[in-house]
Protein chains: 2
Amino acid sequence: MRNKAVMTIGKASASSGVPPKTIRFYEELGLLKPAERFANRYRAYDESNIQTLRFIRRARDLGFSLQEIDKLLGLYRNRRRASEDVKRLALAHIAELDHKIAELTRIRDTLAELARRCRGDQRPECPILDELELPPS
Amino acid sequence: MRNKAVMTIGKASASSGVPPKTIRFYEELGLLKPAERFANRYRAYDESNIQTLRFIRRARDLGFSLQEIDKLLGLYRNRRRASEDVKRLALAHIAELDHKIAELTRIRDTLAELARRCRGDQRPECPILDELELPPS
DNA sequence: GCTTGACGTTCCAGTGGCGGGAGGGTCTAT
DNA sequence: ATAGACCCTCCCGCCACTGGAACGTCAAGC
């Protein structure tokens, strides 16, 4: 049972991919429980802490907010969870993503059309500026 | 020539769609020149200020950052501008948008696939949580 | 044993683009 | 005279960090 590897924040960071500053920040927010400490007051992390950090990192990579991640962690730790609750969080997040993607795409297309019509030479005429100075469409 | 309508920040806000707080904020940032003042120290805006505010608002709607807008305003005001410079800013912004859209879409698809595989019932098993606890892919 | 450098600690400030609210002054209508 | 709708400045909070200052701790090399 030498699996009980306990490490400082630097190793925990390297193992989880979460920067030390960010780990402390999550702890301060209450997203993580206050870490155990070595005798010298350095924070001490074990494998289960690393697991949690990786979970958070993956969830961040998928665009979940820290608030959503807090809920996800609660479900993750709860063996009697209903997958329904996880799925609901995921679907809500997907809906947000769809909304953002649609908005960005609309903007992108508008701008691409304006840019297409702009000669992009040494002359001052430019449909992009013309459009911007118009009253709100 | 009664076009020289001069108004307070509230009217300027209503005419431009930019909230009063935001107008003051832009002024503080230096994006707008300090407004003229009435005798009572209230800020005074005329039609050309409104035009600028509308320009900023439209540019924000198109997702430009305030820094980019600062450059756009410079070009907008410069009669000797080259449309090339405007187009370059626009194309750079489009590239950013494309990047964001691609990333969000990738995330969305990953999450949608995980959600599809999640039963979403009263049982705890859930591929979404399973995925999140895995080492970084 | 002493220094050096890489860690770790806390606390404070800044990012972007605002919004909320406190605590006041001003103006208009009743 | 007072109510209410404006306006003013100033500071705090949001989100998710990141950077830096000023300091403590530890292992390695001379």
Side-chain angles (χ1 to χ4, degrees), chain A residues 6-32 34-46 49 52-73 93 96-97 100 103-104 107, chain B residues 5-32 34-46 49 52-53 55-73 93 96-97 100 103-104 107:
Chain A
V6 176
M7 58 194 110
T8 60
I9 202 169
K11 315 279 183 180
S13 171
S15 299
S16 66
V18 182
K21 283 247 166 189
T22 304
I23 298 175
R24 295 191 194 100
F25 174 67
Y26 288 164
E27 181 182 325
E28 193 189 329
L29 283 189
L31 186 60
L32 300 172
E36 299 293 315
R37 301 288 183 133
F38 291 108
N40 59 12
R41 297 184 39 81
Y42 286 13
R43 285 174 180 79
Y45 298 93
D46 65 15
N49 299 135
T52 301
L53 286 170
R54 277 205 274 256
F55 183 96
I56 295 175
R57 177 165 191 260
R58 299 271 299 144
R60 287 295 295 143
D61 287 348
L62 290 178
F64 286 100
S65 71
L66 295 185
Q67 208 169 20
E68 289 167 325
I69 291 172
D70 195 41
K71 294 178 195 165
L72 284 173
L73 275 176
H93 187 48
E96 281 177 38
L97 289 169
K100 278 191 198 168
E103 192 179 350
L104 291 180
I107 290 172
Chain B
V6 176
M7 58 194 112
T8 59
I9 201 170
K11 316 278 184 183
S13 171
S15 298
S16 65
V18 181
K21 283 244 162 188
T22 304
I23 298 175
R24 296 191 194 101
F25 173 68
Y26 289 164
E27 181 182 325
E28 193 189 328
L29 283 189
L31 185 61
L32 300 172
E36 299 294 316
R37 302 287 184 133
F38 290 109
N40 59 11
R41 296 184 40 78
Y42 287 12
R43 285 175 181 78
Y45 298 93
D46 65 15
N49 299 134
T52 301
L53 286 171
F55 183 97
I56 295 175
R57 176 166 191 258
R58 299 271 300 146
R60 288 292 296 142
D61 286 350
L62 290 178
F64 286 100
S65 70
L66 296 184
Q67 207 169 19
E68 289 167 325
I69 291 172
D70 195 40
K71 294 179 194 162
L72 285 172
L73 275 175
H93 187 50
E96 281 176 39
L97 289 169
K100 279 190 198 169
E103 192 179 349
L104 292 180
I107 290 171

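Chain naming here is simple, since letters A, B, ... match the order of the sequence lines and numbering starts at 1 in each. Just so it is clear, the structure is predicted and the values come from calculations on it, not from any experiment.
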A.B. asks: Strictly by salt bridge (Lys or Arg N to Asp or Glu O under 4.0 Å), give each pair with a member in residues 12-27 of chain A just once, sequence neighbours left out.
C.D. replies: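 Counting only pairs at least two positions apart or across chains, the salt bridge (Lys or Arg N to Asp or Glu O under 4.0 Å) contacts touching residues 12-27 of chain A are A:Glu27-A:Arg43.
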A.B. asks: For A:Lys71, enumerate each residue passing the side-chain contact (heavy atoms from CB on, under 4.5 Å) test, keeping only those at least two apart in sequence or located in another chain.
C.D. replies: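 With neighbours one apart ignored, the set is A:Leu89.
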A.B. asks: Take the protein atom CZ of A:Arg41 and the nucleotide atom C1' of D:dT25, then report the distance between them rounded to whole Å.
C.D. replies: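 Value for this atom pair: 12 Å.
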A.B. asks: Rounded to the nearest Å, what distance is computed from the CD1 atom of residue B:Ile23 to the P atom of nucleotide D:dC6?
C.D. replies: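 Taking atom P of D:dC6 as the reference, CD1 of B:Ile23 is at 14 Å.
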A.B. asks: So, is A:Asn40 near the phosphate of D:dC26, with a side-chain N or O under 4.0 Å from OP1 or OP2?
C.D. replies: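 Answer is yes, contact under 4.0 Å.
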A.B. asks: OP1 or OP2 of D:dC6 versus the side-chain N and O atoms of B:Thr8: is any pair under 4.0 Å?
C.D. replies: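 For B:Thr8, the contact criterion (side-chain N or O under 4.0 Å from OP1 or OP2 of D:dC6) is not met.
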A.B. asks: If you walk 5' to 3' along DNA chain C, what is the first nucleotide with an atom under 4.0 Å of a heavy atom in chain A, and what is the last?
C.D. replies: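 Taking any atom under 4.0 Å from a heavy atom of chain A, the span is C:dC7 to C:dC11.
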A.B. asks: With B:Phe64, which residues qualify under ring-ring contact (aromatic ring centres under 6.0 Å, His included), at least two apart?
C.D. replies: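 Listed in chain order: B:His93.
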A.B. asks: Quick one: list whatever passes side-chain contact (heavy atoms from CB on, under 4.5 Å) with A:Ala14, sequence neighbours left out.
C.D. replies: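 Once residues adjacent in sequence are excluded, A:Ala14 has no partner under the side-chain contact (heavy atoms from CB on, under 4.5 Å) criterion.
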A.B. asks: Between protein and nucleotides 11-24 of chain D, map the contacts as a letter string: B base, S sugar-phosphate only, - none, heavy atoms under 4.0 Å, written 5' to 3'.
C.D. replies: -----BBSBB---B
A.B. asks: For B:Lys100, which residues count as a side-chain contact (heavy atoms from CB on, under 4.5 Å) partner, sequence neighbours excluded?
C.D. replies: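 Applying side-chain contact (heavy atoms from CB on, under 4.5 Å) to B:Lys100 gives A:Leu104.
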A.B. asks: Can you tell me how far apart CD1 (A:Ile56) and CG (A:Leu66) are? Round to the nearest 0.5 Å.
C.D. replies: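 Going from CD1 on A:Ile56 over to CG on A:Leu66, the span is 8.0 Å.
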A.B. asks: B:Glu36: which residues meet the side-chain contact (heavy atoms from CB on, under 4.5 Å) condition with it, sequence neighbours left out?
C.D. replies: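 Testing B:Glu36 for side-chain contact (heavy atoms from CB on, under 4.5 Å), a comparison that skips the adjacent residues, returns B:Ala44.
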A.B. asks: Assign A:Ile9 to base, sugar-phosphate, or nothing according to its heavy-atom contacts below 4.0 angstrom with the strands shown.
C.D. replies: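 Contact class for A:Ile9: sugar-phosphate only.
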A.B. asks: Could you list all N or O pairs between the protein and nucleotides 1-5 of chain D that sit under 3.5 Å apart?
C.D. replies:
none

A.B. asks: Looking at A:Asp70 and A:Leu73, would you say the former's side chain and the latter's main chain have a donor-acceptor pair under 3.5 Å?
C.D. replies: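 Not at all, since once roles are kept as given, no pair shorter than 3.5 Å links the two residues.
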A.B. asks: Output the distance between atom CG (A:Leu97) and atom CD (B:Glu103), rounded to the nearest 0.5 Å.
C.D. replies: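 Separation between the atoms: 10.5 Å.
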A.B. asks: Taking only residues two or more places apart in sequence, or in another chain, which ones meet A:Tyr26 in a ring-ring contact (aromatic ring centres under 6.0 Å, His included)?
C.D. replies: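 Applying ring-ring contact (aromatic ring centres under 6.0 Å, His included) to A:Tyr26 gives none.
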A.B. asks: Nearest 0.5 angstrom please: B:Ser16 OG to B:Tyr45 OH, how far?
C.D. replies: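 It is 9.0 Å, given to the nearest 0.5 Å.
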A.B. asks: With A:Tyr42, which residues qualify under ring-ring contact (aromatic ring centres under 6.0 Å, His included), at least two apart?
C.D. replies: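 Result, ring-ring contact (aromatic ring centres under 6.0 Å, His included) vs A:Tyr42: none returned.
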A.B. asks: Within this structure, what is the CD1-CZ distance for the pair B:Ile69 and B:Phe55, rounded to the nearest 0.5 Å?
C.D. replies: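 It comes to 8.0 Å.
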A.B. asks: Using C1' atoms of five pairs at each end, report the bend of the helix from C:dG1-D:dC30 to C:dT30-D:dA1 rounded to 10 degrees.
C.D. replies: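 Terminal axis comparison yields 30°.
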